[in-house]
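Since we're looking at a predicted model, the values are computed, not measured.
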Amino acid sequence: MNILMALSQKEVTGAEVYAVTLTQELLNRGHKVVIVSDTLTTPTDAPFIPLAFNQRSLGSRLQHVKTLLKIIREYDIQVVHAHSRASSWSCALACKIAHIPLITSTHGRQPVHFSRKLIKGFGQYSICVCENIQKQITRDLGFAPERTLLLRNMVDPSTFTFNPPRERSEEEEAQNTVVISLIGRLSGPKGDVAYEVLKALSPYEHLKLRIIGGKDIPERFTPFSQLSNVEFLGYQRDIPAFIRSSDVIIGAGRVGIEAILSGRPVIAIGEALDEGVVTTKSLPAALSSNFGDINDVKVTRFDFAHLYEHVQAAMTLSRDAEQLQQLRTLVAQEFNLDSIVTSIEKLYAKTYVQYRHYEVPVIMYHRVVKDESEAGIHGTYVTAEKFRAHLQYLKDQGYQTITFEDLRDNRYKQRFDRGNKWVVLTFDDGYVDNYTTAFPILKEFGFKAVIFLVSDRKYNSWDADVTPPQKQERRFELMPPEMVKEMIAYGIEFGAHTLDHPHLDQLEPEEARREIVESKRQLEELYQRPFKTFAYPYGGLNEEVKAIVKDAGFDFAVATDSGDVTLDHDLFQIRRIAIFPGNSMHTFKRKASGYYNFIKIRREQRAAAKAAAKAASR
C-alpha cells in the first residue's frame with residue numbers, strides 16, 4: 001500500500017523513532033511510504049517532505065491541507081497515519097476531501113476541552129501505545145473503544161544484545177562509582193523531570209550523571225553543568241551504546257524498552273509518573289503508563305525524595321541476571337516489531353477496504369458447459385454463453401485478471417494502486433470442460449485464471465459415486481496432464497485441491513495432512529513446477545487444517561463462504577464469490593463489483609443472529 005506518515009515536532013521524539021521504525025519495516029515488506037513532518041532526524045529510506053505542522057494558525061492549517069492533498073495525489077496515497085495532534089487535525093480534513101482513511105497513533109495523554117470532544121481527530125482507528133492512553137481517550141473524549149487498538153512501541157529485540165554488567169575499574173570500585181544515564185528531552189514536562197532528577201542526585205558525588213537528549217541546554221540547567229559529576233551530552237544517535245556503558249538508566253517510553261532489552265536496570269520516570277525501578281512485578285504498571293510517560297488522569301505522581309533509594313535498588317537488580325533476563329523476555333514479547341507491524345499492516349488494509357467498500361473480487365466457478373444438456377444436478381456450472389458475457393463485462397469495465405502467482409512476494413499489497421483494477425477467476429476440481437469450453441473463451445479475451453486440481457482422481461467420484469442414487473451427480477471427466485500443460489504454457493495458474501476431494505475439517509489430522517501434502521507432492525512431481533495455492537474442498541476448514549496447509553509450503557489458500565472481507569486478513573482463508581447458473585447478469589455485476597462480500601457477510605450475520613434468537617426462545 002501507499003502510506004503517508006505525518007508528524008509534528010521541532011526536535012526528535014519517541015513518536016519520530018516509532019514512525020521511522022514502522023516506515024522502514026513497511027518498506028521492507030513491499031509498501032511505499034512518504035513522511036511529512038516539521039523536522040526529521042532519524043535516518044530513513046522514505047521520501048521526506050518538510051511541513052510545518054507546528055504553525056497552527058487557521059491560514060497555516062489550511063495551507064497544510066492543500067499541501068497534503070497535493071502529496072496524496074502525487075504519491076497515490078491510500079492511508080494516512082498521523083502521530084501527533086497537530087498533524088492529525090490537518091490530515092483529517094485532507095483525508096475527508098481525498099476520500100481515504102486516517103489512522104492515528106496516540107503517543108501521549110490528550111487535552112480535554114469542548115472542541116477536542118467535538119472534533120476528536122483520531123481517524124477511523126487510533127493505535128494506543130499503552131493502556132492509560134486507551135482509557136483516557138475513550139473515557140474523557142468519548143472515542144469508541146472498538147475503534148482503538150492497543151499496540152505498543154515496536155522494537156526489534158534481535159538488535160539489542162543482553163549485556164553483562166558494565167566492567168568497572170578499580171578506582172570506580174573503590175569510590176563506588178555508578179554511571180547513570182538520564183535520557184530524554186530537556187524541554188517541556190520532560191525537562192522539568194530532568195531538572196528534579198539532577199537536583200535530587202547531583203549532590204551524591206559518586207554518581208556520574210550523563211544527560212542525553214535536547215539540542216540546547218536551558219539556562220536553568222547551567223548550575224548543574226558546572227558540577228564535576230554531571231555531563232550534558234546533547235542529542236546522540238547511538239543511544240544503545242550509551243545504555244550499554246551505563247549502570248542504571250533513567251527514562252521513559254522507548255528508553256525503558258531499549259534499556260531492559262540490553263540488560264540494564266531502569267528507573268521509569270516520565271513526564272507523568274514515577275514508576276520506580278522496573279521489576280517483573282512492577283512491569284505491568286510500567287507498561288500501562290509507557291514507563292511513566294502517561295497517566296490516565298490529569299495528575300502527576302513523583303517521589304524525587306526517594307530517588308537515591310531507587311538508584312540503590314537498581315544497582316541491586318543489576319546483579320540479578322535471572323530477573324533481568326525475565327524482564328527482557330517479557331518486554332521482547334510485548335514490543336515485538338514483527339507482530340506489531342503485521343497488526344498495523346492488516347489495520348491499514350482493513351480500514352481502506354471498509355472505508356472504500358471495495359476489495360479485489362475472487363470469483364469461483366467450477367464447470368463451463370456448452371449448453372444445459374451438459375449440466376448436472378448440482379448448480380456448479382455456467383453456460384459458455386454466460387461465461388463469455390461475464391468476461392465481456394469485465395473487459396468493458398477495465399478489469400485485469402490476475403492469478404495468485406501475480407500476488408506472491410507481497411505484490412498483493414499493490415492491489416489498490418492507481419490503475420490496478422484486479423479480479424481473480426478461479427475454477428475448482430479441474431474438469432475437462434475448463435479446457436474444451438472455458439479455455440478458448442479466456443484466450444479470446446486475453447484473460448488468465450486459477451484452476452485447482454484434484455490430483456488422485458480421473459473424474460468427479462466424490463459426487464458421482466455416492467449413495468443414495470438420487471444424490472448422484474453425473475460423471476464428469478477431469479483434465480489429463482497434456483491439457484493442463486498447455487494451459488500452464490498460456491499462463492493459467494494451477495493449485496492443489498487435495499487427493500480425493502474430502503471434507504478436510506471432518507478428517508483426523510493425519511489424514512487431512514496426507515490429503516494436503518501428498519496432493520502437492522504429486523502435482524509438483526508430475527508438472528515439474530511449484531504449486532503454491534490451495535483450495536479447501538467444500539470450503540471445509542478449521543484452524544488445524546489451515547496450519548497444515550501453511551506448513552505444507554503453500555502461500556495462499558482459498559475458502560468459499562468463509563473468511564474476512566479483507567483479502568489479506570488471512571491469506572490462508574481467502575473468501576470467494578460463487579457464480580451459479582441462475583445468476584443474472586445484474587447479479588454477476590454485483591458479485592464482481594468489489595462490494596458484494598460486504599452484502600454477503602451482513603446477510604450471514606443477520607441469519608446467524610436470527611438463528612441464535614430462535615434457539616434462545618425455545
Do you see a donor-acceptor pair shorter than 3.5 Å between the side chains of Gln110 and Gln136? no

May I ask you to decide whether Asp38 forms a salt bridge with Lys10, counting only side-chain N to carboxylate O separations under 4.0 Å? no

Can you say whether the rings of Phe221 and Tyr195 are parallel (under 30°), tilted (30 to 60°) or perpendicular (over 60°)? perpendicular

Among Leu149, Ile137, Leu151, the one residue meeting side-chain contact (heavy atoms from CB on, under 4.5 Å) with Cys128: Ile137

Between Asp570 and Lys550, does any NZ, NE, NH1 or NH2 come within less than 4.0 Å of an OD or OE carboxylate oxygen? no

Main chain of Gly30, side chain of Arg411: is a donor-acceptor contact present, judged purely on distance under 3.5 Å? no

Using a 4.5 Å cut-off on heavy atoms from C-beta on, say whether the side chain of Val277 contacts that of Ser282. no

Parallel, tilted or perpendicular for Tyr595 and Phe598, by the 30°/60° rule? parallel

Determine all donor-acceptor pairs shorter than 3.5 Å in which one atom belongs to a side chain in residues 266-273; sequence neighbours excluded.
none

Indicate yes or no: does Arg139 engage Asp296 in a salt bridge with an N to O separation below 4.0 Å. yes

Check whether more than 12 heavy atoms from other residues, nucleotides or ligands sit under 6.0 Å from atom NZ of Lys546, and answer yes or no. yes

For the ring pair Phe572 and Phe556, is the centre-to-centre distance below 6.0 Å? no

Taking 4.0 angstrom as the limit, do Lys413 and Glu345 come out as a salt bridge? yes

Check step by step if salt bridge (charged side-chain N to carboxylate O under 4.0 Å, His left out) holds for Lys350 and Asp564. CA-CA 9 Å; Lys350 169 186 173 181; Asp564 195 83; over 6 Å; no

Ile212 side chain reached by Phe232 side chain, heavy atoms, under 4.5 Å: no

Begin with the C-alpha distance, continue with both residues' side-chain angles, and end with the deciding distance and a verdict on salt bridge (charged side-chain N to carboxylate O under 4.0 Å, His left out) for Asp192 and Arg220. CA-CA 10 Å; Asp192 297 337; Arg220 63 174 169 163; 2.7 Å; yes

Carboxylate-amine/guanidinium proximity below 4.0 Å for Glu131 and Arg152: yes

Counting only heavy atoms not in Glu146, do more than 12 sit closer than 6.0 Å to its CD atom? yes

Between Asn420 and Phe416 (side chain of the first, backbone of the second, donor and acceptor by atom type, cut-off under 3.5 Å), is there such a pair? no

Does Asn295 reach the main-chain N or O of Val299 with its side chain, forming a donor-acceptor pair under 3.5 Å? yes

Is the shortest distance from a Lys or Arg side-chain nitrogen in Arg29 or Asp338 to a carboxylate oxygen in the other one below 4.0 Å? yes

Which pair of heavy atoms, one from Ser289 and one from Glu275, lies closest together, and at what distance? OG-OE2, 2.7 Å

Only pairs at least two apart or in different chains count here, so list each salt bridge (Lys or Arg N to Asp or Glu O under 4.0 Å) that has a residue in residues 40-68. none

Tyr348/His81 aromatic ring centres below 6.0 Å: yes

I'd like to know if Asp140 and Lys135 make a salt bridge, using a cut-off of under 4.0 Å between side-chain N and carboxylate O. no

side-chain contact (heavy atoms from CB on, under 4.5 Å) with Val80: which of Ser88, Cys91, Pro101? Cys91

Can you list every ring-ring contact (aromatic ring centres under 6.0 Å, His included) pair that touches residues 2-22, not counting sequence neighbours? Tyr18-His83, Tyr18-His107

Electrostatic pair Arg415-Asp568, nearest N-O below 4.0 angstrom: yes

Basic-acidic side-chain contact under 4.0 Å: Asp293, Lys190: yes

Just checking Gln323: does its CD atom have more than 12 heavy atoms from other residues, nucleotides or ligands closer to it than 6.0 angstrom? yes

Test side chain to side chain donor-acceptor pair (under 3.5 Å) on Ser126 and Thr106 and set out the steps. CA-CA 7 Å; Ser126 186; Thr106 308; 2.6 Å; yes

